[in-house]
Amino acid sequence: MSVSGEIAEIDRPGLAQIFAVLPMPVLLVGQDLRVLAVNPAAEQFFAVGAGLLTRQRLDELVPFGSPILQLIVQSQERGASVGERDVDLATPKGGERTADVVVTPTGDSDGNVVVTLHERSLAQRLDRQLLHRGAVRSLHGMAAVLAHEIKNPLAGIRGAAQLLEEAVQPADRALTQLICDETDRIRDLIDRMESFGDRRAFTRTPVNIHEVLDRVRQVAETSFARHLTFVEVFDPSLPFVLGDKDQLIQVFLNLVRNASDAVPESGGEITLTTGYRPGMRVGAGTSSTRLSVPLEVTVRDNGPGVPADLLPYIFDPFVTTKPNGSGLGLALVAKIIGDHGGVVECDSATGRTVFRVLLPKAESEG
């Protein structure tokens, strides 16, 4: 799902669609500060058309000495996202205005960066969870483009695993079966992402969240997290979750993978917890109804923590702390959990990061 090094090619199918539908202003800026591409929201923000914007430098669009210029330098030096709140972005046509700014390197050799603006007046009026859900729905456009290229190698992997199953010892066949199960799950997820914006394709059933977490841990321990210690603190009496099992596996696999990337190579630890929190309720979109989300699942790691300037934007598209990250994994997590009627949040400090997911329970566990 990585787009690192490719985002500069805004005319590519899928990426162009994502770029266009994002509700916040986004600019692609070159190493020389030349504006290379903008989305419609950026045109509205600066009250200037794309044709004129892309003939200017960023320092011609923002106030003299704006912190946004230093953020670009810092992002290029770190090779990761940087951000700052309440940046003055007054424009001749737009008047006084402030915005939260996030700058993310594309990872290409040209030193291009993506500049995302979160206008404060907008951020105060809108629920950030709704922004996450709307922005990431555009992922189905990219999934449609990539589906064919992904499904072919998946079929090859599954076929190879079936051949291996005939040759390995019976004790090792659980691993080949795991490969087959995971390729089937990824194929199903791609099928679902091709119609990501269609809520009718989403069917909820009672799901044992501990079975989800067991599968995630099993996959992690046999692949990217072999060097880590897992700690489980589960409530065995927890009711079933109302949701889709494969999508929930995808959510927690993303969270565990992020945690495994963050922890130290020696002494890395990931703690998975579940619990029941009666009284937890969230708003249901534009409705006055408040949904009960008493089921809490947390993924905690002992990594260095998320930089404070990025924490408010951690679920936004193209925001990442990884030098080669795509910035789409957590955005997808927020979208899926939102579609489940739940909430995901992040709490981080030095030496600790916790992702907390709140989900509705199933009325029937049949």
Side-chain angles (χ1 to χ4, degrees), residues 2-12 14-94 97-120 122-123 135 138 307 309-310 312-314 316-328 331:
S2 173
V3 295
S4 297
E6 299 178 359
I7 197 169
E9 302 175 40
I10 297 300
D11 58 337
R12 289 186 58 172
L15 286 181
Q17 183 180 2
I18 295 172
F19 195 66
V21 302
L22 289 175
M24 70 286 289
V26 182
L27 304 90
L28 181 68
V29 179
Q31 192 171 25
D32 60 354
L33 298 183
R34 183 72 56 187
V35 178
L36 304 178
V38 298
N39 70 342
E43 295 181 76
Q44 295 176 11
F45 182 89
F46 290 100
V48 177
L52 183 58
L53 284 174
T54 52
R55 290 199 295 269
Q56 299 186 63
R57 289 165 50 95
L58 185 62
D59 53 5
E60 297 171 337
L61 298 173
V62 299
F64 178 78
S66 173
I68 194 171
L69 305 177
Q70 184 59 34
L71 289 176
I72 290 176
V73 174
Q74 293 175 4
S75 176
Q76 291 169 335
E77 291 177 348
R78 292 187 195 177
S81 298
V82 297
E84 185 167 334
R85 306 187 69 176
D86 296 324
V87 175
D88 178 15
L89 288 175
T91 61
K93 295 185 179 181
R97 63 209 309 183
T98 60
D100 299 342
V101 179
V102 179
V103 180
T104 303
T106 64
D108 58 23
S109 58
D110 295 328
N112 299 333
V113 297
V114 174
V115 178
T116 307
L117 309 179
H118 304 257
E119 191 174 4
R120 293 297 290 165
L122 178 64
S138 59
D309 58 346
L310 291 184
Y313 319 111
I314 196 70
D316 287 348
F318 307 129
V319 175
T320 179
T321 59
K322 305 174 188 177
N324 296 315
S326 68
L328 293 177

Per-pair distances, 0.1 Å, donor-acceptor, side chain in residues 68-76, under 3.5 Å, sequence neighbours excluded:
residue, atom, partner, partner atom, Å
Ser75, OG, Ala80, O, 3.1
Ser75, OG, Val103, O, 3.4
Gln76, NE2, Gly111, O, 2.9

Shortest non-hydrogen contact between Glu84 and Tyr313, atoms and distance: O-OH, 4.4 Å
Pairs satisfying side-chain hydrogen bond (donor to acceptor under 3.5 Å, both in side chains), at least one member in residues 46-65, at least two apart: Arg57-Asp59
Without placing hydrogens or testing angles, list every side-chain donor-acceptor pair under 3.5 Å for residues 46-53, not counting sequence neighbours.
none

Closest heavy-atom pair and its distance - Val101, Val115: CG1-CG1, 4.1 Å
Sequence neighbours excluded, every pair satisfying side-chain hydrogen bond (donor to acceptor under 3.5 Å, both in side chains) that has a member inside residues 31-40: none
Would you be so kind as to tabulate the donor-acceptor pairs closer than 3.5 Å made by side chains of residues 19-28, with sequence neighbours excluded?
none

Exercise: identify the closest heavy-atom pair between Pro67 and Val87: CD-CG1, 4.1 Å
Closest contact, heavy atoms only, Ser81 versus Pro105: N-CD, 4.0 Å
